[in-house]
Amino acid sequence: MERETIDKSHSPQEISRHWYRFWEESGFFHADAASQRPPFSIVVPPPTNAGESFHVGHAFALTLQDVVVRWKRMCGFDVHCLPGLDHAVISAQTAVERQLAREGLRKEDIGRKAFQSRVSKWANESGGAILSRLRAMGYSLDWTRFDHDATISRSVREAFVSLHAAGLVYRDNGVVNWCSQCGTALSDLDVDSSETESGRLWFVRYLVADGDKRESIVVATTHPETILGDTAVAVHPADARHRGLVGRDVTLPVLERRIPVVADSAVDKDFGTGAVRVTPAHDPKDFLIARHLGLPCVNVMDERGILNENAGPYRGMDRLEARRGVVARLEQEGLLVSAIPRQISISRCRRCRAIVEPRLSLQWFVKTRALAEPAIVAMEEERVTFIPESWRKTSIEWMRNARDWCVSRQLYWGQRIPAWTCMACKTLIVAREDPARCPDCGAVNDILQDPDVLDTWFSSALSPYSSMGWPDKTADFARYYPNDVLMATPDAISWVSRMIMMGLRCVGDVPCRKVFVNGLARDERREKESNARGDAIDPLDLIEKHGADTLRFTLTALAAPGADPSPGEARLLGHRAFVNKLWNASRFVLLNLDGEIARPEELAGELSLPSRWILSLLQKVIARVQQSLQGYRFDLVAHELYHFVWRELCDWYIEMSKSLLAEGATAAKTRRVLIDVLDATLRLLHPVIPFVTEELWQKLPHDGASIMTAPFPLADASRVDDPAETEMGRLKQLIAGVRAIRSLYEVEPRKKIGVTVIARNRDDREFVERHRSPVLCLARVGRLDVVSANTERPHTIRHLAGDLELRIPMAGLFDIAAEMTRLSKERLMTASAIETLRKRLDNPQFVARARPEIVVEHRERWGALTTRMEKTEETLRELTGGRQSDGSVSLPEE
RNA sequence: AGGCGCGUGGCUCAGUGGUAGAGCGCUUCCUUGACACGGAAGAGGUCGGUGGUUCAAUUCCACCCGCGCCUACCA
């Protein structure tokens with residue numbers, strides 16, 4: 001048979017590109033709605049196309065997702081998993097506005113149409129960068145179904161119109177988060193309010209109008225410039241200090257406007273002076289008070305954050321300029337009582353980082369509470385389950401507290417709101433199709449569409465079914481909805497919550513049955529990965545340096561529930577070494593295939609101990625890996641396979657196979673076992689490290705076109721062989737025991753030594769004889785004797801390897817004092833272990849109340865330790881005798 | 001302030017009501033034909049603190065301390 005050659009190490013870049021193209025061109029990623037196989041579908045949380053592309057957090061969630069996808073596919077499922085990419089309307093628009101600014105232009109200068117085509121171009125480039133990273137990571141996504149614009153806009157209209165008809169979407173004036181740099185409203189989730197800055201709390205005196213000059217009320221404010229928009233001063237109705245002023249007017253400083261003093265229970269009596277200025281256009285709470293009491297609203301700022309005509313002398317200034325002006329004026333007029341330093345929390349736009357201020361404007365809102373109720377019920381009834389479970393509570397909590405969601409954005413780029421106004425009769429029309437005429441007055445002209453677009457998350461929330469062609473009744477939708485699972489990062493939990501609300505409302509079922517939430521990716525400084533900070537790690541750099549398999553294996557191994565992975569350099573190197581180890585184990589197998597190879601059915605006959613042992617172990621590994629995958633314990637999957645490959649297959653089986661391959665009697669079967677075990681191992685590893693496993697699998701004798709369509713291994717109970725595992729355990733202990741003594745006495749690694757085993761009985765003797773060959777080879781023993789207890793020679797190194805007693809005569813000198821120190825330490829350790837057990841066994845309560853098998857186990861352990869103790873003490877006595885004669889002992893050369 | 005989570009060897013993390021584990025790092029020795037991205041052997045932890053439940057607590061409970069994430073408030 002002609003076999004491929006294999007290098008000493010592999011080149012991840014080349015094989016990755018090669019195999020990804022092969023998989024994609026072979027159509028292995030496609031879902032097939034006509035398939036007879038059971039369906040399995042996954043919702044992809046779309047990476048935001050925000051120009052910063054794709055960070056480690058995405059790589060983390062998507063890697064775990066691809067592990068599931070590949071595993072399910074190998075288990076025979078027809079898997080539906082599409083690449084996702086959301087519009088990120090603000091980011092896209094901001095990026096293009098910056099480009100324009102460099103050309104000295106504003107979006108208004110080039111017009112909506114031209115602007116949109118520029119954003120579209122930008123989004124394609126930026127999106128392309130993300131999509132190429134998804135490929136580089138090896139994600140097996142169905143690219144043939146990736147079509148993110150055409151159907152989405154129909155889905156969005158359908159959802160919006162039906163929600164509006166049900167009264168769950170409405171248009172109203174409201175105080176919303178306003179980003180004056182982006183020039184748009186933002187939802188609560190678009191705002192980052194974690195930052196504080198040093199500011200001041202100013203105390204300002206408002207004089208009572210028509211009153212005594214001494215009558216006044218003092219209010220506190222952190223934003224003095226907005227007093228220009230005050231329309232009242234509010235106090236608590238039960239506050240005795242101010243009761244007399246309620247109903248009277250005060251004079252607004254600077255503008256000299258008369259405003260009333262009102263009572264409202266929303267005021268906190270204990271804060272500041274207990275009197276609060278009411279600025280309905282710039283504070284959500286004040287807005288509610290004003291609405292309640294019928295107070296006017298005065299907006300003093302335009303959409304760019306510049307003070308407007310309502311600001312009197314400060315018109316045209318920005319906020320800080322106006323603030324300085326107002327403060328100076330108040331000081332001049334003696335109305336500034338005091339100013340104390342204070343940390344003020346500031347809100348920033350998550351996209352452009354500009355400071356966000358509340359501002360009154362006409363917007364579209366989604367009634368979150370009403371949508372949340374059925375979603376909360378669905379979670380409580382476990383129609384959606386969370387992994388880890390605790391996220392359910394977080395999601396419910398989020399839904400309970402969510403305020404109405406502002407979904408309109410004053411942008412040029414994004415899904416236009418399907419609402420029109422008839423200029424003739426002012427009727428508001430919300431419709432699926434562009435209206436040709438006004439349904440009210442019949443006008444055909446001057447029906448203007450709302451200029452606003454929808455929040456990115458509005459359409460993203462629909463993606464679990466919009467991507468399947470909803471609202472059309474497509475075969476995909478019928479087959480793959482609801483999705484089986486959604487795999488998300490923790491910061492997407494509010495997005496997931498909205499998705500569940502929208503799914504239940506729009507299509508009447510949850511978007512997915514399970515939500516898996518992974519840990520939060522951190523950088524090497526253990527800080528949260530952040531796009532906004534701009535120094536996030538680009539997974540592409542890691543891939544180029546270490547290979548996608550290494551990155552994937554690292555992320556998988558770090559995916560312990562609740563743990564926050566940080567794929568630092570050292571960690572990646574450790575896992576890269578594993579990939580290399582696997583490569584070289586495969587190389588060993590490939591280089592040893594010349595010669596007869598037993599047919600699979602021949603393994604049913606007699607087999608060597610190591611072969612029985614590794615096959616038995618493999619079954620257990622398969623079972624544990626399956627179980628871990630089912631429980632989303634990706635960390636355990638990685639650790640299990642790491643340990644099996646390195647610590648069992650390589651360290652023991654491959655080592656022992658060397659002598660088995662050298663003997664005619666065992667060689668053919670050993671080749672078969674090596675191939676079978678490696679083949680199964682590669683298939684087990686394929687979901688985690690797809691590229692290298694494909695490369696190796698293709699080089700090995702194999703059936704089928706690709707490892708990714710090969711069946712995932714199933715445990716074969718008939719191969720489980722506990723006696724073989726026990727026997728192998730004893731053998732490993734014997735070899736390790738000799739090695740430990742060699743190392744302790746710094747025996748030259750090349751030098752062969754002699755070992756005598758003290759056989760207690762026939763069983764011990766036969767055991768050693770049976771395994772003479774691996775002991776000679778793996779422990780570098782030149783001569784192995786088995787003697788009865790009465791033939792032991794004094795003054796040799798004595799060692800207990802498990803239950804076997806070894807005597808190792810050392811060539812040359814050995815230090816009695818050192819040997820005694822070692823044994824004394826061992827005696828001490830053993831004594832303390834015996835003491836602990838003795839105490840328990842002497843306690844009548846323990847014997848009476850502990851489970852009987854525990855008591856038995858304690859007795860057995862106590863017995864074994866006592867025997868060990870006796871041996872150790874015996875040796876110490878012998879050594880003491882030896883020292884009495886000459887202080888050290890010279891032993892004959894072996 | 002509230003919700004959730006986390007505190008186990010130098011680092012990152014598993015785990016368990018009854019002998020404390022892994023990977024990386026560290027120490028010593030070794031280029032022996034799969035692999036120096038390697039091999040062999042080691043060192044290293046009173047499992048955050050205090051109480052409680054129990055024959056027995058790193059594990060269960062309570063409180064405390066420290067850290068993280070999220071939400072809210074901040075005139």
Side-chain angles (χ1 to χ4, degrees), chain A residues 6 8-9 188 193-194 196 201-202 219-223 226 233-234 267-268 271-279 283 285-286 342-345 388 390-391 393-394 396-398 400-402 490-491 493-494 519-520 522 526-528 546 550 557-558 560-568 570-592 633 635-636 638-639 642-643 646-647 650-651 654-655 658 736 739-744 746-750 778-780 833 836-837 840 843-851 854-855 857-858 861 865:
Chain A
I6 178 165
K8 272 191 156 188
S9 61
D188 293 347
S193 59
S194 57
T196 62
L201 185 62
W202 316 84
V219 300
T221 179
T222 51
H223 291 74
T226 59
V233 171
V267 177
D268 179 359
F271 187 90
T273 60
V276 57
R277 33 184 295 262
V278 178
T279 322
D283 184 288
K285 269 171 82 176
D286 291 1
R342 184 178 171 81
Q343 282 303 113
I344 300 170
S345 63
S390 60
W391 285 102
K393 206 170 172 182
T394 307
I396 290 176
E397 196 69 15
W398 184 85
R400 287 227 167 92
N401 295 330
D491 41 335
I493 200 75
S494 42
L520 192 72
R522 289 170 190 277
R526 304 293 306 154
E527 281 167 23
K528 181 181 165 179
H546 305 286
T550 294
L558 292 173
D564 300 336
S566 62
R571 191 164 294 276
L572 282 160
L573 288 174
H575 292 107
R576 192 176 71 175
F578 172 77
V579 174
N580 182 255
K581 191 72 179 176
L582 180 70
W583 179 270
N584 278 288
S586 307
R587 183 166 185 265
F588 172 82
V589 174
L590 285 164
L591 295 175
N592 281 286
R633 286 301 306 270
D635 59 324
L636 299 183
H639 288 135
Y642 184 105
H643 184 263
W646 205 315
R647 303 270 81 104
C650 292
D651 286 359
I654 286 183
E655 287 310 317
K658 288 172 185 172
R739 284 173 172 173
I741 293 302
R742 293 183 65 111
S743 182
L744 197 61
E746 295 180 2
V747 177
E748 282 287 307
R750 291 162 175 281
L778 297 185
R780 292 202 77 80
T836 309
L837 290 171
R840 283 207 192 133
N843 180 354
Q845 293 281 2
F846 172 71
V847 180
R849 309 190 75 149
R851 289 200 311 278
I854 296 288
V855 179
E857 192 208 307
H858 274 66
R861 224 160 66 213
L865 284 170

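Here is how names work: the chains are called A, B, and so on, in the same order as the sequence lines, proteins then strands, and each is numbered from 1. Every value quoted in this text rests on a predicted model; they were computed, and no experiment measured them.
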Do A:Lys658 and A:Asn592 have side chains that get closer than 4.5 Å, going by heavy atoms?
no

Under 3.5 Å, which protein N or O atoms sit close to an N or O of nucleotides 24-28 of chain B? Give each pair with its distance.
| residue | atom | partner | partner atom | Å |
| --- | --- | --- | --- | --- |
| B:rC24 | OP1 | A:Tyr642 | OH | 3.3 |

With rounding to the nearest 0.5 Å, note down the distance linking CZ in A:Arg849 to CD1 in A:Ile854.
15.5 Å

Between B:rG66 and B:rG18 - P atom distance, rounded Å
32 Å

Give one of base, sugar-phosphate or nothing for A:Val579, where a contact means two heavy atoms less than 4.0 Å apart.
nothing

Is the side chain of A:Arg840 donor-acceptor paired with the backbone N or O of A:Phe846 at a distance under 3.5 Å, no angle test?
no

Atom CG of A:Asn401 and atom C1' of B:rC4: how far apart are they, to the nearest Å?
13 Å

Closest nucleotide of RNA chain B for A:Thr394 versus for A:Ser586: which of these residues is on the 5' side?
A:Thr394

Nearest-neighbour nucleotide for the A:Asp564 side chain, B:rA14, B:rG68, B:rC55 considered:
B:rG68

When rounded to the nearest Å, what value does the distance between C1' atoms of B:rC13 and B:rA20 take?
14 Å

Whole-angstrom distance between B:rU27 and B:rG10, as gauged at atom C1'
14 Å

Would you give the length of the straight line joining atom CG of A:Leu572 to atom NE2 of A:His546, rounded to the nearest 0.5 angstrom?
4.5 Å

For the P atoms, the ones on B:rC67 and on B:rU58, what distance do you get once it is rounded to whole angstrom?
25 Å

Taking the side chain of A:Ala850 as its heavy atoms from C-beta onward, which of B:rG18, B:rC29, B:rC35 lies nearest to it?
B:rG18

Dot-bracket notation for RNA chain B, counting Watson-Crick and G-U pairs under 3.5 Å, with | for partners on another strand
(((((((..((((....[..)))).(((((.......))))).....(((((..]....))))))))))))....

Determine whether a donor-acceptor pair (N or O, by modelled atom type, separation under 3.5 Å) exists between the side chain of A:Asn580 and the backbone of A:Arg576.
no

Given B:rC35, B:rC4, B:rA14, the nucleotide with the shortest approach to the side chain of A:Ala560
B:rA14

Considering every strand and a 4.0 Å limit on heavy-atom distances, what is the contact class for A:Ser345: base, sugar-phosphate, or nothing?
base

To the side chain of A:Pro749, which of B:rC29, B:rG18, B:rC35 is closest?
B:rC29

Please state the C1' separation for the pair B:rG44 and B:rG49 - nearest whole angstrom.
23 Å

Describe the nucleic acid contact of A:Leu201 in one word from base, sugar-phosphate, nothing, applying a heavy-atom distance below 4.0 Å.
sugar-phosphate

Please report, rounded to the nearest Å, how far the P atom of B:rC74 is from the NE2 atom of A:His223.
12 Å

Minimal non-hydrogen separation, A:Leu520 against A:Asp491, with atom names
CD1-OD1, 4.2 Å

Heavy atoms under 4.0 Å, any strand shown: does A:Lys393 hit a base, just sugar-phosphate, or nothing?
sugar-phosphate

Considering only heavy atoms from C-beta outward, does the side chain of A:Thr226 approach that of A:Arg277 to under 4.5 Å?
yes

Nearest-Å distance, CZ (A:Phe578) to C1' (B:rG23)?
12 Å

A:Val276 versus A:Phe271: any side-chain heavy-atom pair under 4.5 Å?
no

Heavy atoms under 4.0 Å, any strand shown: does A:Arg861 hit a base, just sugar-phosphate, or nothing?
base

With heavy atoms under 4.0 Å as the rule, sort A:Asp286 into base, sugar-phosphate or nothing.
nothing

Among the nucleotides B:rA40, B:rA34, B:rC74, whichever has the atom closest to the side chain of A:Leu591 is B:rA34

Tell me what A:Arg587 touches on the nucleic acid: a base, only sugar-phosphate, or nothing, going by heavy atoms under 4.0 Å.
sugar-phosphate

For A:Ser566 and A:Arg571: C-alpha separation, side-chain torsions, deciding distance, then whether side chain to side chain donor-acceptor pair (under 3.5 Å) applies.
CA-CA 9 Å; A:Ser566 62; A:Arg571 191 164 294 276; 5.4 Å; no

Same-atom distance (C1') from B:rC4 to B:rG45, integer angstrom:
29 Å

Does A:Lys8 make a side-chain N or O approach to OP1 or OP2 of B:rC37 shorter than 4.0 Å?
no

Please report the distance separating the C1' of B:rG52 from the corresponding atom of B:rG9, rounded so that it comes out in whole Å.
29 Å

If you measure from CG on A:Leu590 to CG on A:Asn584, what distance do you get to the nearest 0.5 Å?
11.0 Å

Stepwise, does the salt bridge (charged side-chain N to carboxylate O under 4.0 Å, His left out) test hold for A:Glu857 with A:Arg861?
CA-CA 6 Å; A:Glu857 192 208 307; A:Arg861 224 160 66 213; 2.8 Å; yes

Hey, which of these two, A:Ala736 or A:Arg633, hits RNA chain B nearer its 5' end, going by closest nucleotide?
A:Arg633

Answer yes or no: does a side-chain N or O of A:Lys581 lie under 4.0 Å from OP1 or OP2 of B:rC35?
no

Could you check which of B:rA72, B:rC74, B:rU19 has an atom nearest any side-chain atom of A:Asp188?
B:rA72

Side chain of A:Arg576, heavy atoms from C-beta onward: which of B:rC37, B:rC55, B:rA41 has the nearest atom to it?
B:rC37

How would you label the contact of A:Leu636 with the nucleic acid (heavy atoms, under 4.0 Å): base, sugar-phosphate, or nothing?
sugar-phosphate

Any side-chain to backbone donor/acceptor pair from A:Ser586 onto A:Leu582? Under 3.5 Å, distance only.
yes

C1' gap between B:rG33 and B:rG15, integer Å
40 Å

What integer distance in Å separates A:Arg750:CZ from B:rG39:P?
18 Å

note: A:Asn843, atom CG; B:rU54, atom C1'; distance rounded to Å ~ 12 Å

Looking across every strand, which nucleic acid part, if any, lies under 4.0 Å from A:His575 by heavy atom: base, sugar-phosphate, or nothing?
nothing

When you get a sec, tell me which of B:rC4, B:rA34, B:rC55 is the closest nucleotide to the side chain of A:Glu655?
B:rA34

Could you tell me the separation between the CG atom of A:Asp651 and the C1' atom of B:rA34, rounded to a whole number of Å?
13 Å

What class does the angle between the rings of A:His575 and A:Tyr642 fall in, given that below 30° is parallel, 30 to 60° is tilted and above 60° is perpendicular?
perpendicular

Length of the CD1-P vector between A:Ile396 and B:rG2, whole Å:
21 Å

Per A:Arg840 side chain, nearest of listed nucleotides B:rU71, B:rG18, B:rC35:
B:rG18

How many whole angstroms separate atom CZ of A:Phe588 from atom P of B:rC37?
21 Å

